[in-house]
Amino acid sequence: MAFQKPSHTFTKIHLKALHTNNFKILFALSFTVFINTLSFAQDIPTKQDSIKPRVRDTKVIKVNDSLLAPQISEKEQDSIQTDSIKPKKELLEYIVKYSATDTTKFNQKKHKLYLYNEAVIDYGDMNIKAGSIIVDYNTNTVYARGIVDTVGTYTQAPVFTQGSNVVEPDSIVFNTKSQKALIYNSKTEQGEGTVIANITKKENDSVYFLKNAKYTTAEDLEDPEYYIKLRKAKIVPGKKIVTGLANLFFYDVPTPLGLPFGFFPQTEKHTSGVIIPSFGEQNDRGYFLQNGGYYFAINDYIDLAVLGDYYTNGSYGMRMESTYSKRYKFRGNIGFRYENLINSERGFPDYSKNTIYNIRWSHSQDSKSNPNSRFSASVNLGSSTYYRSSINQINTGAFLNNTLSSSVSYSKTFHGEPQVNFSLTATHSQNTNTEQINMTLPTFQGSVGRMYPFASKTGSKKGIIQNVNLQYNVRGENRIQTTDSLFFKKEMFDDARAGFQHSIPLSTNFKLFKYFSLSASTNYNEVWTFKTINKSFDPIERREVVEDVNGFDSFRTYNFSTSLGTTIYGMFDFQKEGKDRKIQAIRHVIRPSISYNINPAFDKYYDSYEVISADGLTTSDVEYSRFESGVFGTPNKNFSSSMGISVSNNIEAKVRDRDSTATKPKKITILNNLNFSTSYNFAGDSLQWSPVRMSGGTQLFNNKMNVNFGATMDPYALDNNNNRIDKFNIDNGGSLFRLTSANLTTIWSLSSKKGDKKDKKSKGIEENVRSGGRDDDLFGVSEDFANSKLNEDDKEEETPSALYNSPIPWSLRIAYAVNYSNSRRQNEISSHSLMFSGELELSPKWSVGASSGYDLKNAGFTYTQLRFERDLLSWRMNFSWIPFSSRSSWNFFIGIKSSILKDLKYEKRRQPDQRL
């Protein structure tokens, strides 16, 4: 006989004889044909003796499935290989597997396959798991459902997976031929949300139709706190959801918030799209639309958001924010903000128009990309009044900034002997109060590594000669000083100063008397400048005249220095035999040091001009240096020979650890440092001793409190005009030293155990730092509630307690600062302030926070911000309140956490009152 390729019927299969022993073989052939026909298959049992075919036709068709191929003789095999009829394409492209824990049987009469308990069918990218699966080969359908356990619970509900699309229904009917399906009570993840549908019709691999469905981002899918009801919808997995009439429900209660049709984009990659603005009203600018624009997903490495604001009084603003990143190479972000602000109405006396802008850029390079060179940038520049004038919530934490600073640098290292380094840096520093701007465009620094010309090639360096070393450093600067009004204008470059400084230090060090370390050095310094000055006196206008002289000029200086130091260790042991004291030992480390410096006089670089008195009878000479306006200062005019004395202290203690299992005592720090320093000028005619400067710091309460203090003590007295005189204070009837200034700063961080674990920097604080503010929330936190990126929450999920009682995490930060001044007998506290901030989690869903302070000198509260947050499961509610100050305002926000529905929100603001 001749075998033909299995088809939908068996009319073409002819069997001459069939006996009982071969019935299993026929059943295996028939069952496999059914599986091929319906695109489902199973593991075929081990093949037994095959039925020898009888050839009735001269044409023999090759059977492609090796599992169905009978035993063929070599002669017949040759005829098959030369068959002129091409075989049809196999219906199955993948291996099909099925399994079940309890039952796997095939009903020959009904042509049905039954799988029961943990049934699984795999075919290509399609997988069905269920408690019970029935395959009907007559109708080409697969029916999957769960099973009911012994206690009556419906378990093992079907899970249908095709590619990345997962459907979890109560039951499913699937046609294996048409690939269509009916899915009942399904739950399907689509992007950040889930679609819950009573009936879903699967049209093909890429289209689903739904009726009476729910779309939600809630975690509790059995009882979602909110959902959008979709009467009719079409889903294209991974691309979009298109709906008809849809409206919002809260706990199955309908609301009038709805749309006649809707479109929900679903994608796993960045996609360009419109950013919906928020609306509101301001007291001095009218109604507004804010933060609306367009998001450009340029590619996988860079994006761009263009946002704009418009106010009905004519004010407007725009922002451009871009983030870029390349793995193992670099990452950064750049932003530009511009606002044209109009106050009051044209014609009124308080009418004003103000333009402000801000540019920010942050760039960091991955250290693995190029270890020999590095490029980084941190830019924050713009109008000095930007953060004070802008009332955007995102600038709240930077409102009190007094300085803006920027730095862009590139450095490269050339390895070798000696090593060579160079760097180019552009810096910017801006005082927002005085509007003074200082820039270096650029600063060049180069150095040749330290060289030891007399050291041996092998072994360590020993002695004064082998430790002789020298190196070369060069620094070039182009320094610009300007103001806000001249920034980015031609005039800002008119007074630019440029110059180079070369230095060659030569030094050595060695041990002296075993316990002392002595070092000696000399330094040669040469300064090049391209602009000097010339001073003269104008007898007519009776004033000093300063003229700029363009051209190259230079001066050279040198100096000598040496220092002698040692380290003294003192150990006080409190342990006694048989007694275990809490304080076991105290270690005191003292590092005294004496230095001597000689700076020769280079008065040859000084000139003078003659000043004639008003009556013209007397004259006097005024000395000056033509290098006074240079970048690197002027050469030393007077000879100095001075000795410096310094002592540093460090005190630590070993105490018994509270942990009884600890085998070693615990080390704590009593004083991180306690330093004293002064100097004596041997070449001075008077006031040879400099004031004694003291500084210190420590950490208390298990490193929760940082304390830093300092003081300046002058040994000389004051005259009746409060000027220093060459007379010791003790000889003038006073104490040994006269306290001229002192300062104390402390920061204390307190928290509960739970609060300590959650003490992380929020995205709002990171925004503070980018804007040049503090890295804490003592001056408030930058907030933009509608910005999902700024309000991402990293809270860890905790299992709720079965009891009502639950811990209340909290954290508190207190900063105290006081400064004392008495340099001219003023004896006053120059500044005295207390700042505090904290968070309190009243419940796992409620949290409050505050940032404030009190000026103890002026008796008034400082900038205050109160914050309230409520976690509404899939929703988030925020309230921020600034109760007083010129920026008194509040902001209320409630919206969905998910970024896909972030425009479903309500926001109400009350801006500061207009001040006349």
Taking Asn478 for its side chain and Leu441 for its backbone only, find out whether a donor-acceptor pair lies under 3.5 Å.
yes
Can you tell me if Ser741 uses its side chain to pair, donor with acceptor, with the backbone of Ser821 under 3.5 Å?
no
With distance as the sole test, does Asn313 use its side chain to make a donor-acceptor pair with the main-chain N or O of Ile342 at under 3.5 Å?
yes
When you compare the side chains of Thr403 and Ser405, does any donor N or O come within less than 3.5 Å of an acceptor on the partner?
no
Any side-chain heavy-atom pair of Tyr854 and His832 under 4.5 Å:
no
At what distance, to the nearest 0.5 angstrom, does NZ of Lys897 lie from OG of Ser874?
7.0 Å
Report the distance from atom CG of Asp309 to atom CZ of Arg285, rounding to the nearest 0.5 Å.
9.5 Å
Is the shortest heavy-atom distance from the side chain of Lys908 to the side chain of Trp890 under 4.5 Å?
yes
Evaluate the side-chain proximity of Tyr295 to Asp303: yes if any heavy-atom separation is below 4.5 Å, no if none is.
yes
I'd like to know if the side chain of Glu491 and the backbone of Leu486 have a donor-acceptor N/O pair within less than 3.5 Å.
no
Donor + acceptor pair across side chains of Arg331, Ser325 (<3.5 Å)
yes
Does the side-chain hydrogen bond (donor to acceptor under 3.5 Å, both in side chains) test come out yes or no for Ser831 and Asn819, once each step is laid out?
CA-CA 5 Å; Ser831 64; Asn819 289 278; 2.9 Å; yes
Any chance you could lay out the side chain to side chain contact (heavy atoms under 4.5 Å, CB included) test for Thr529 and Val631, step after step, and finish with the verdict?
CA-CA 8 Å; Thr529 184; Val631 174; over 6 Å; no
Are Tyr410 and Arg374 packed together at the side-chain level, in the sense that at least one heavy-atom pair is separated by less than 4.5 angstrom?
no
4.5 Å side-chain heavy-atom contact, Tyr301 and Phe330:
no
Within the 3.5 Å criterion, strictly below it, is a donor on Glu828 or Tyr820 matched to an acceptor on the partner's side chain?
no
Interatomic spacing from OH in Tyr863 to OG in Ser851 - rounded to 0.5 Å
9.5 Å
Stepwise side chain to side chain contact (heavy atoms under 4.5 Å, CB included) test for Asn333 and Glu321:
CA-CA 7 Å; Asn333 52 74; Glu321 304 285 344; over 6 Å; no
Neighbour count above 12 (heavy atom, 6.0 Å) for Phe884 CZ:
yes
Is any side-chain heavy atom of Asn550 less than 4.5 Å from a side-chain heavy atom of Phe530?
no
Ignoring hydrogens and angles, tell me if any N or O in the side chain of Arg388 forms a donor-acceptor pair with the backbone of Thr432 under 3.5 Å.
yes
Would you say that Asn380 contacts Asn358 through its side chain, given a criterion of any heavy-atom pair below 4.5 Å between the two side chains?
yes
Asp366-Ser369 side chain donor-acceptor pair, cut-off 3.5 Å:
no
If you measure from CG on Asn706 to CD1 on Ile747, what distance do you get to the nearest 0.5 Å?
6.5 Å
Other residues, nucleotides, ligands: >12 heavy atoms within 6.0 Å of Tyr294 OH:
yes
Crowding at NZ, Lys329 (>12 non-hydrogen neighbours, <6.0 Å):
no
Pair Asn343-Asn354, side-chain donor/acceptor within less than 3.5 Å
no
Within the 3.5 Å criterion, strictly below it, is a donor on Ser378 or Arg360 matched to an acceptor on the partner's side chain?
no
For Ser830, does its backbone N or O pair with a side-chain atom of Lys857 as donor and acceptor, under 3.5 Å?
yes
Salt bridge Arg813-Glu839, side-chain N to carboxylate O under 4.0 Å:
yes
What do you reckon, is CD of Gln826 surrounded by more than 12 foreign heavy atoms closer than 6.0 Å?
yes
Met492 side chain reached by Phe487 side chain, heavy atoms, under 4.5 Å:
yes
If you compare all heavy atoms of Trp846 against all heavy atoms of Glu869, which two are closest, and at what distance to 0.1 Å?
CE3-O, 3.5 Å
Using a strict 4.0 Å threshold on nitrogen-to-oxygen distance, state whether Asp548 and Arg497 make a salt bridge.
yes
Aromatic plane relationship, Phe879 with Phe892 - under 30° parallel, 30 to 60° tilted, over 60° perpendicular:
tilted
Look up atom CD1 in Ile896 and atom CG in Leu901, then write down how far apart they are to the nearest 0.5 Å.
4.5 Å
Among residues at least two apart in sequence or on other chains, which ones pass side chain to side chain donor-acceptor pair (under 3.5 Å) with Glu541?
Arg543
Looking at Asn433, is its backbone amide N or carbonyl O close enough to the side chain of Asn402 to form a donor-acceptor pair, meaning the two atoms are under 3.5 Å apart?
no
Is a salt bridge present between Glu477 and Arg479, judged by a nitrogen-to-oxygen distance below 4.0 Å?
yes
Which residues share a side-chain contact (heavy atoms from CB on, under 4.5 Å) with Glu628, sequence neighbours left out
Ile533, Lys535, Tyr624, Ser625, Thr634
Please verify the inter-ring angle class for Trp528 with Phe552; under 30° counts as parallel, over 60° as perpendicular, anything in between as tilted.
perpendicular
Looking just at side-chain N and O atoms, do Gln430 and His428 make a donor-acceptor pair shorter than 3.5 Å?
yes
Please state whether the rings of Tyr226 and Trp875 are parallel, tilted or perpendicular, taking 30° and 60° as the class boundaries.
perpendicular
Can you see which heavy atom on Pro883 is nearest to which on Thr864, and at what distance?
CD-O, 3.7 Å
Quick one about Ser384 and Asp484 (side-chain donor to acceptor, distance below 3.5 Å, no hydrogens or angles considered), yes or no?
yes
With a cut-off of 6.0 Å (strictly less than), are more than 12 heavy atoms of other residues, nucleotides or ligands near OH of Tyr328?
no
Mark yes when over 12 heavy atoms from residues, nucleotides or ligands other than Tyr351 sit less than 6.0 Å from its OH; otherwise mark no.
yes
Could you pull out all residues at least two apart from Trp881 that satisfy ring-ring contact (aromatic ring centres under 6.0 Å, His included)?
none
OG of Ser629 to NZ of Lys531: how many Å apart, nearest 0.5 Å?
8.0 Å
Intermediate values then yes/no, side chain to side chain contact (heavy atoms under 4.5 Å, CB included), Tyr316 and Tyr338:
CA-CA 9 Å; Tyr316 62 89; Tyr338 173 86; 3.9 Å; yes
Mark yes or no for whether Gln445, through its side chain, and Thr425, through its backbone, hold a donor-acceptor pair below 3.5 Å.
no
Asp871/Arg876 salt bridge by N-O under 4.0 Å criterion:
no
Any donor-acceptor pair under 3.5 Å linking the side-chain atoms of Asn291 with those of Arg319?
yes
Where the side chain of Thr440 meets the backbone of Pro442, is there a donor-acceptor pair that is under 3.5 Å apart?
no
Minimum-distance pair of heavy atoms, taken over all atoms of Val818 and Ile829
CG2-CG2, 3.9 Å
Main-chain N/O of Thr385 paired with Ser389 side-chain donor or acceptor, under 3.5 Å
yes
Of all heavy-atom pairs linking Thr434 and Asn431, the shortest is N-OD1, 3.1 Å
For Ser423 and Ser411, does a side-chain donor sit closer than 3.5 Å to a side-chain acceptor?
no
